[in-house]
Novice: 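Quick one: the structure is below, questions incoming.
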Amino acid sequence: MKIKIATWNMAYWQHKRLHDEAWNCFLNETKADIFLFQEGKPNETIRDQKDYLIWNEIGRNRDWGSGIYSPKYRLFEENVETQFKGVFSIGNTYINNEKITLISLYGLMESGGPTNGYSITNLHRMLSDLTGLFNGHIEGKRKIILGGDFNASVQIDEIQKNNSHKIFFDRIEDFGLNDVYKLSGNKSFVQTLRHVKSKIPWQNDYFFISNSLVKKFTEYEIIDNEEIKKFSDHNILVIQMEL
């Protein structure tokens, strides 16, 4: 059975008045079975589908967060001990009687102190919080699909003259998770973020899948068009699996 999973940073806080339209765009442009979203807030119709939605606000002055929605598959929220609930959300679903663990993750920037403006510090903390799940200490080894706007790229290492982002991605791969962009045969960067203050074609958005899912992966796509640009500075990523 072919299953499509999409991920998108929806930039809710920048385009609140257009968010219903953004959801229509997300659903219609991808025709996906499962949607991972960041910087998002479910519209009223989706919020009413409680068995098919997992979403948490980040809190404080952020009434938006990361979530997972499926118009087709029932979702079961899973919680781990973390200060980052809403920055990432975890859900499990069953497809052809196989349990799939989905994680929608957002690279939250530090807001204050000596690391103000850094995402990599929070990202390393999140990986530490997820270690038990990734390593199989919580309910055994899993079929995991991790996606989102990480606000991370080894492109940044080239500017900072260090390897902090490479080390982050090495940690992900050390958990047995595979970058789907690389699985597609790509080696160079691809733009997923259009930054108004930078001419660099940033790649900030990713999908990673467990070793056990690699042979089930069939397609990878980046959707970049004028419709999407109305709602977000990020492109939509879509992968297809044969599950």
Novice: Rounded at 0.5 Å granularity, tell me how far CD1 in Ile228 sits from CG in Asp233.
Specialist: 12.0 Å
Novice: Can you get from Ile100 to Ile103 by hopping between Ile, Leu, Val, Met, Phe, Trp and Tyr side chains that sit under 4.5 Å apart?
Specialist: no
Novice: Taking NZ, NE, NH1 and NH2 as the nitrogens, is one of them in Arg47 or Glu44 under 4.0 Å from a carboxylate oxygen of the other?
Specialist: no
Novice: Under the salt bridge (charged side-chain N to carboxylate O under 4.0 Å, His left out) definition, can you give me all pairs with a residue in residues 117-131, not counting sequence neighbours?
Specialist: Glu110-Arg125
Novice: If you round to the nearest 0.5 Å, how far is CG of Leu18 from CG of Asn24?
Specialist: 11.5 Å
Novice: Do the non-hydrogen side-chain atoms of Asp63 and Trp13 ever get within less than 4.5 Å of each other?
Specialist: no
Novice: Using a strict 4.0 Å threshold on nitrogen-to-oxygen distance, state whether Glu173 and Lys182 make a salt bridge.
Specialist: yes
Novice: Using distance alone, with no hydrogens and no angle criterion, decide if Glu77 and Asn92 have a side-chain donor and acceptor under 3.5 Å apart.
Specialist: no
Novice: Using a 4.5 Å cut-off on heavy atoms from C-beta on, say whether the side chain of Arg194 contacts that of Asp224.
Specialist: yes
Novice: Look at the side-chain heavy atoms of Ile, Leu, Val, Met, Phe, Trp and Tyr, link any pair under 4.5 Å apart, and say whether Leu146 and Leu130 land in one connected group.
Specialist: yes
Novice: What do you reckon, are the aromatic ring centroids of Tyr73 and Tyr94 less than 6.0 Å apart?
Specialist: no
Novice: For the side chain of Asn43 and the backbone of Thr45, is there at least one donor-acceptor N/O pair under 3.5 Å apart?
Specialist: yes
Novice: Would you give the length of the straight line joining atom CD1 of Ile223 to atom NE2 of His234, rounded to the nearest 0.5 angstrom?
Specialist: 15.5 Å
Novice: What verdict does the side-chain contact (heavy atoms from CB on, under 4.5 Å) test give for Asp157 and Ser164, after you've listed the backbone C-alpha separation in whole Å, the side-chain angles of each residue and the deciding distance to 0.1 Å?
Specialist: CA-CA 7 Å; Asp157 289 346; Ser164 61; 3.6 Å; yes
Novice: Taking it one step at a time, do Glu139 and Lys99 satisfy side-chain contact (heavy atoms from CB on, under 4.5 Å)?
Specialist: CA-CA 11 Å; Glu139 298 185 14; Lys99 180 180 177 181; 2.6 Å; yes
Novice: With a 3.5 Å distance limit and no angle check, can you tell me whether Ser104 reaches the backbone of Phe88 through a side-chain donor-acceptor pair?
Specialist: no
Novice: Verify the cluster assignment for Ile34 and Val180: are they in a single hydrophobic cluster under the rule of side-chain heavy atoms below 4.5 Å apart?
Specialist: yes
Novice: Are there more than 12 heavy atoms of other residues, nucleotides or ligands under 6.0 Å from atom NZ of Lys166?
Specialist: no
Novice: Got Ser119 and Phe150 here, is their nearest side-chain heavy-atom distance under 4.5 Å?
Specialist: no
Novice: Any donor-acceptor pair under 3.5 Å linking the side chain of Trp55 with the backbone of Gly40?
Specialist: yes
Novice: Before accepting this row, confirm whether a basic side-chain N of the pair Lys4/Glu219 lies closer than 4.0 Å to the acidic partner's carboxylate O.
Specialist: no
Novice: Tell me yes or no: between the side chains of Asp149 and Gln38, is some donor less than 3.5 Å from an acceptor?
Specialist: no
Novice: Look at the side chain of Ser128 and the backbone N and O of His124, then say whether any donor-acceptor pair between them is shorter than 3.5 Å.
Specialist: yes
Novice: Measuring only between side-chain heavy atoms, which start at C-beta, is Leu213 closer than 4.5 Å to Ile145?
Specialist: yes
Novice: Any side-chain heavy atom of Glu98 within less than 4.5 Å of one from Lys143?
Specialist: yes
Novice: Any donor-acceptor pair under 3.5 Å linking the side-chain atoms of Asn204 with those of Asn151?
Specialist: yes
Novice: Taking Ile68 as the starting point, is it possible to reach Phe35 by hopping between hydrophobic residues whose side chains are less than 4.5 Å apart?
Specialist: no
Novice: Is Val238 reachable from Leu183 through a run of hydrophobic residues whose side-chain heavy atoms are each under 4.5 Å from the next?
Specialist: no
Novice: Considering non-hydrogen atoms only, spot the tightest contact between Gly147 and Phe207 and give its length.
Specialist: CA-CD2, 4.0 Å
Novice: Can you tell me how far apart CG (Leu237) and CD (Glu221) are? Round to the nearest 0.5 Å.
Specialist: 9.5 Å
Novice: Between Arg62 and Glu57, does any side-chain N to carboxylate O distance fall below 4.0 Å?
Specialist: no
Novice: Nearest 0.5 angstrom please: Ile46 CD1 to Lys41 NZ, how far?
Specialist: 13.5 Å
Novice: Flag the pair Ile138 / Arg142 as yes when at least one side-chain heavy-atom distance between them is below 4.5 Å, and no otherwise.
Specialist: yes
Novice: Any donor-acceptor pair under 3.5 Å linking the side chain of Gln160 with the backbone of Asn162?
Specialist: no
Novice: Are the side chain of Ser232 and the backbone of Asn9 linked by a donor-acceptor contact shorter than 3.5 Å?
Specialist: yes
Novice: Checking Gln203 side chain against Gln155 main chain: does a donor-acceptor pair fall under 3.5 Å?
Specialist: no
Novice: Measure centre to centre between the rings of His19 and Tyr12, then say whether the value is under 6.0 Å.
Specialist: yes
Novice: Do Asn96 side-chain atoms and Leu243 backbone N/O form a donor-acceptor pair below 3.5 Å?
Specialist: yes
Novice: Just checking, is any N or O donor in the side chain of Asp205 or Thr192 under 3.5 Å from an acceptor N or O on the other one?
Specialist: yes
Novice: Closer than 3.5 angstrom, by distance alone: can the side chain of Thr131 be matched with the main-chain N or O of Leu127 as a donor-acceptor pair?
Specialist: yes
Novice: Just wondering, do Tyr206 and Tyr181 contact through their side chains at under 4.5 Å, heavy atoms?
Specialist: no
Novice: Are Phe175 and Phe208, when compared by the centres of their aromatic rings, separated by less than 6.0 Å?
Specialist: no
Novice: For a side-chain contact (heavy atoms from CB on, under 4.5 Å) check, start with the C-alpha distance between Asn79 and Ile90, then their side-chain angles and the critical distance, and finish with the verdict.
Specialist: CA-CA 7 Å; Asn79 292 299; Ile90 309 169; over 6 Å; no
Novice: Between Asn211 and Asn178, is there a side-chain heavy-atom distance shorter than 4.5 Å?
Specialist: yes
Novice: Between OG1 of Thr218 and CD of Gln240, what distance do you get to the nearest 0.5 Å?
Specialist: 4.0 Å
Novice: Test side-chain contact (heavy atoms from CB on, under 4.5 Å) on Leu133 and Glu78 and set out the steps.
Specialist: CA-CA 10 Å; Leu133 188 154; Glu78 181 168 354; 4.0 Å; yes
Novice: Answer yes or no: is there a donor N or O on one side and an acceptor on the other, between the side chain of Ser70 and the main chain of Lys72, under 3.5 Å?
Specialist: yes
Novice: Please check if the distance between the ring centroids of Phe37 and Phe26 is under 6.0 Å.
Specialist: no
Novice: Checking side-chain polar atoms at under 3.5 Å, does Gln49 have a donor or acceptor matched by the opposite partner on Tyr69?
Specialist: yes
Novice: How close do Ser184 and Tyr220 get, counting heavy atoms only, and between which atoms?
Specialist: OG-CB, 3.1 Å
